[in-house]
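I have placed the structure first, in the form of structure tokens, so that the comments after it can refer back to it.
All values derive from a computational prediction rather than experimental measurement.
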Amino acid sequence: MRTGSTGVVFDESALLALGSGNSLASQFVSNTEHGPTRHVYVPALCLAAADGMRKGLAEHVGALPAIEIVELDFAGASTVGALLRDGVEWRLGHAVHLSRPTLDWPDGRHVVTVEPDRYADMPLVRTIRLPKQR
């Protein structure tokens with residue numbers, strides 16, 4: 001992370017909103033394209049969950065150059081496994097892992113979501129709520 005950089009993590013609800021034309025979700029992506037200090041991260045498990053609900057969404061998101069799709073590495077698999085044992089849904093686990101503070105992101109990254117209540121009891125997870133659009 002560079003000094004002054006901001007990063008957000010899109011969960012599957014944010015990806016579905018983006019695919020439906022949600023203006024705020026689109027604005028996050030657009031701002032990323034125009035600023036080298038802004039980053040949108042998509043956990044691979046969230047992308048898989050969203051694509052399972054809306055066919056073709058993975059191809060759409062994967063074609064956006066401003067979005068970085070993050071694979072599930074060993075640390076992520078270990079964290080997601082622990083979250084699963086604690087009753088957290090698998091599709092949220094990868095977003096939780098990416099949102100928590102790391103050496104590169106000491107303040108963590110906000111999870112962009114339509115459903116912030118799903119993260120309410122998770123330590124160190126901050127959210128940005130996307131409004132539901134019709």
Output a table of donor-acceptor pairs, distance under 3.5 Å, between side-chain atoms of residues 60-77 and any protein atom two or more places apart or on a different chain; print 'none' if there are none.
unit_1: Asp73; atom_1: OD1; unit_2: Ala75; atom_2: N; d: 3.4
unit_1: Asp73; atom_1: OD1; unit_2: Gly76; atom_2: N; d: 2.8

Ignoring hydrogens and angles, write down the donor-acceptor pairs under 3.5 Å from the side chains of residues 121-129, residues two or more places apart or on other chains.
unit_1: Arg126; atom_1: NH2; unit_2: Asp107; atom_2: O; d: 2.4

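By the criterion of side-chain heavy atoms lying less than 4.5 angstrom apart, applied directly or through intervening Ile, Leu, Val, Met, Phe, Trp or Tyr residues, Leu18 is grouped together with Leu16 in one hydrophobic cluster. Both Leu57 and Val114 belong to a common hydrophobic cluster when Ile, Leu, Val, Met, Phe, Trp and Tyr are linked at side-chain heavy-atom distances under 4.5 angstrom.
Under the rule for a side chain to side chain donor-acceptor pair (under 3.5 Å), the partners of Thr113 that lie at least two apart in sequence or sit in another chain are Asp11, Ser13. Looking at residues two or more places apart in sequence or on another chain, you find a side chain to side chain donor-acceptor pair (under 3.5 Å) between Arg54 and Ser20. Legend: residues meeting side chain to side chain contact (heavy atoms under 4.5 Å, CB included) with Gln27, ordered by chain and number and at least two apart, are Leu24, Asn31.
Side-chain atoms of Ser30 never come within 3.5 Å of backbone atoms of Ser26 as a donor-acceptor pair (strictly under, hydrogens ignored). Under the 3.5 Å distance criterion, the side-chain polar atoms of Asp51 are matched with a main-chain donor or acceptor of Ala58. At distances below 3.5 Å, not a single donor-acceptor pair connects side-chain atoms of Arg100 with backbone N or O atoms of Gly108.
The heavy-atom pair separating Pro101 from Pro106 by the smallest distance is CB-O, 3.3 Å. Nearest heavy atoms, Leu98 versus Pro43: CD1-CG, 3.6 Å. Nearest approach of Leu130 to Ala17, heavy atoms of both residues: CD1-CB, 4.0 Å.
Annotation: side chain of Tyr41 is not in contact with side chain of Val8 (no heavy-atom distance under 4.5 Å).
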For Phe28 and His39, what are the C-alpha separation, side-chain angles and deciding distance, and is it a side-chain contact (heavy atoms from CB on, under 4.5 Å)? CA-CA 9 Å; Phe28 273 108; His39 308 275; over 6 Å; no

Go through Val112 and Val9 one step at a time and tell me if the side-chain contact (heavy atoms from CB on, under 4.5 Å) criterion holds. CA-CA 6 Å; Val112 177; Val9 176; over 6 Å; no

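Note that the CH2 atom of Trp90 and the CG atom of Leu45 stand 6.0 Å from one another [nearest 0.5 Å]. Interatomic distance, OG of Ser99 versus OH of Tyr119, reported as 8.0 Å (0.5 Å rounding).
For Arg38, the CZ atom counts as loosely surrounded, since its 6.0 Å shell holds 12 or fewer non-hydrogen atoms of other residues, nucleotides or ligands.
Residue pairs meeting the salt bridge (charged side-chain N to carboxylate O under 4.0 Å, His left out) criterion with at least one member in residues 82-95, sequence neighbours excluded: Glu12-Arg91, Glu89-Arg91.
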